[in-house]
Every structure is written in structure tokens, then in C-alpha cells.
Amino acid sequence: GLPSQLAGKRVLVTSGPTHEPIDPVRYIANRSSGKQGHAIAKAARASGADVTLVTGPVALADPFGVKTVHVETAREMLQAVEAALPADIFIAAAAVADWRAADIATEKIKKGANGAPSLALVENPDILATVARRSTGRPALVVGFAAETEKLFDHAQEKLARKSCDIIIANDVGAAAGVLGGDRNEVTLMTKAGKESWPDLNKDEVASRLMTKLAGMLNGARR
Ligand code: C5P
């Protein structure tokens with residue numbers, strides 16, 4: 001990206017996994033490292049934007065110059081995102097847990113004579129869809145990811161429509177791709193107009209190209 005292509009724009013990014021508690025010592029989580037989301041926040045800042053990053057638990061430092069809000073759960077992430085709006089661009093790179101425990105035990109669940117406990121789950125709010133469907137204050141550009149292990153383009157296309165986003169970034173996260181936790185990513189950008197595949201790139205390069213793409217779309221929309 002270029003240093004001033006997003007000057008004066010507000011960019012809001014989610015990153016990392018969420019942790020959904022089961023009891024005081026246990027939680028449900030996933031393999032997201034936050035590397036791609038944090039790289040996007042950095043690239044947005046490097047493009048001159050005013051950036052807020054809402055991140056789940058990650059082992060990464062807060063990006064320099066980026067207002068960083070730390071959360072644990074999906075519900076906390078939604079709250080922090082809504083508090084950070086309005087924004088010109090919303091990029092949902094977090095791997096939000098789809099489900100949380102229906103009840104969080106206040107004490108550690110003990111091993112008992114009755115065998116393994118069963119865990120009832122309830123659905124978490126969809127942060128991306130919630131933001132994309134706002135009737136007032138919807139960001140001009142809403143970007144989501146589709147991390148899939150099969151039928152990548154079908155699932156991504158379906159998400160673009162169901163979640164009302166402007167761009168879905170489709171990536172294959174099957175074990176062979178090494179994307180989760182890794183430093184590289186091979187993505188395909190899907191919009192209503194069509195799709196565009198990028199080569200295998202460093203996550204920083206994906207982020208930087210994305211800023212150029214978004215700046216172009218924002219300017220195009222204004223003309
Ligand atoms: O449906 P799926 O979880 O695969 O969708 C992925 C996209 O939706 C990502 O952009 C992710 O950040 C976003 N998402 C969200 N809130 C959820 C689930 C997914 O923002 N509860």
C-alpha cells in the first residue's frame with residue numbers, strides 16, 4: 001500500500017480467536033493466531049488510516065499506533081466493535097467461535113462417578129453480519145473472511161450473500177495449506193462483481209495489497 005491512500009479514513013479490524021469459557025479454568029478456542037488480522041491493522045495504519053483493532057487472546061504485540069482493544073469472548077468482541085463504530089471500513093478477520101457454552105459453571109466442573117459431562121452449546125452472535133446489516137452507520141466497505149477446508153468458492157460465495165459483505169476473502173485452511181498460525185496466505189477476493197485470486201503471499205503482503213484494493217473501491221464509490 002501507499003502511505004496516504006487511506007488518510008482520514010477510519011478502519012476497524014477484528015483479529016484472533018475468541019475464548020468461550022466452560023468453567024473458571026476451561027474454555028473453547030480455535031487455532032487462529034491473529035497474524036493476518038494484526039497484519040491488516042498494521043497495513044491500514046501504514047496507509048494513513050485511523051485504526052482500531054479488536055482482538056481476542058493472541059501472543060502478538062499490540063501494533064504500534066493502532067488503538068487496540070482486548071476481549072475474550074464473541075459477545076465481548078461484538079460489544080467492543082459496536083463501541084468502536086462508526087468506521088469507513090470494517091474488516092472481520094477474527095476467528096469468532098460459532099458457539100459458546102449454554103451455561104458457564106461458576107466452579108470448576110469436577111470429575112465424577114457419572115462419566116463425562118455433556119456440554120450444551122448456543123450460537124454466538126455473528127459480528128460480521130451484524131455490522132454489515134446495520135440500517136444506519138453501516139461502514140462503506142465490509143470485508144469478511146471465509147476460512148474453509150472444502151468447497152472454498154461455494155462456501156465463500158454463500159457467505160458474501162448471507163453476511164451482506166462487500167468482499168469475502170476466501171482462504172483454504174486445510175492442514176496442508178499451513179495458513180492457521182503460519183506466515184503465508186493464498187487468498188481469493190470475491191465480490192458481487194467477480195473474483196480475483198492472489199498468489200501465495202506473506203500475510204503482510206496480503207494486508208498491504210488489501211489496503212490498495214479497498215482504497216480503490218472507496219474512491220471508486222465516491223466518483
Ligand atoms: O461463517 P464463518 O465463521 O466461516 O464466517 C467467517 C467470517 O465471519 C469471518 O470474517 C469472521 O470474522 C466473521 N464472523 C464474525 N462473527 C461470528 C462468526 C464469524 O464476525 N460469530
Side-chain angles (χ1 to χ4, degrees), residues 11-21 27-41 43-44 51-58 60 68-85 87 89-102 121-134 137-139 141-174 177 179-181 185-192 195 203 206-207 210 213-214:
V11 177
L12 175 58
V13 184
T14 67
S15 184
T18 64
H19 285 182
E20 308 296 333
Y27 57 82
I28 301 168
N30 61 64
R31 295 187 189 279
S32 167
S33 65
K35 282 181 182 171
Q36 186 64 80
H38 277 55
I40 287 169
V51 187
T52 300
L53 172 65
V54 178
T55 179
V58 293
L60 304 171
T68 304
V69 182
H70 292 265
V71 298
E72 293 263 334
T73 68
R75 287 193 293 177
E76 288 166 8
M77 187 172 275
L78 176 59
Q79 254 189 358
V81 161
E82 287 185 324
L85 289 171
I89 302 175
F90 176 57
I91 304 166
V96 183
D98 292 312
W99 309 283
R100 66 176 182 275
L121 300 176
V122 292
E123 241 175 75
N124 268 330
D126 191 311
I127 299 165
L128 175 58
T130 303
V131 170
R133 295 207 197 106
R134 283 171 75 96
R138 182 193 189 273
L141 291 176
V142 176
V143 183
F145 278 77
E148 305 291 345
T149 58
E150 48 149 15
K151 296 185 191 146
L152 179 60
F153 295 141
D154 288 351
H155 287 153
Q157 196 70 58
E158 181 272 327
K159 250 162 230 185
L160 184 68
R162 179 165 49 86
K163 302 197 184 212
S164 312
C165 354
D166 302 292
I167 302 182
I168 282 279
I169 302 173
N171 61 347
D172 185 340
V173 294
V179 170
L180 291 179
N185 209 353
E186 188 173 341
V187 302
T188 297
L189 266 66
M190 306 185 73
T191 66
K192 270 184 227 145
K195 62 177 200 265
K203 286 180 178 175
V206 170
L210 180 61
K213 181 84 192 170
L214 295 172

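For ligands, and for the atoms within them, numbers begin at 1 and follow the listed sequence. Values reported hereafter were calculated over all heavy atoms of this structure, with side chains retained and with hydrogens, waters and symmetry mates removed.
For Glu158 and Lys151, the salt-bridge test fails: no basic side-chain N is under 4.0 Å from an acidic carboxylate O. Between Arg138 and Asp166, at least one side-chain nitrogen of the basic residue sits less than 4.0 Å from a carboxylate oxygen of the acidic one, meeting the salt-bridge criterion.
Put simply, CZ on Arg162 and CD1 on Ile168 are 9.0 Å apart, with the number rounded to the nearest 0.5 Å. With rounding to the nearest 0.5 Å, the separation of CD1 in Ile89 from CG in Leu210 is 8.0 Å.
Protein residues having at least one heavy atom under 4.0 Å from any atom of ligand 1 are Ala92, Ala94, Val96, Asp98, Pro125, Asp126, Ile127, Leu128, Gly144, Phe145, Lys159, Lys163, listed by chain and number.
Using a distance-only test at 3.5 Å, with no hydrogens or angles considered, no donor-acceptor pair links the side chain of Glu72 to the main chain of His19.
Sparse packing is recorded around NZ of Lys213, with 12 or fewer heavy atoms of other residues, nucleotides or ligands lying under 6.0 Å away.
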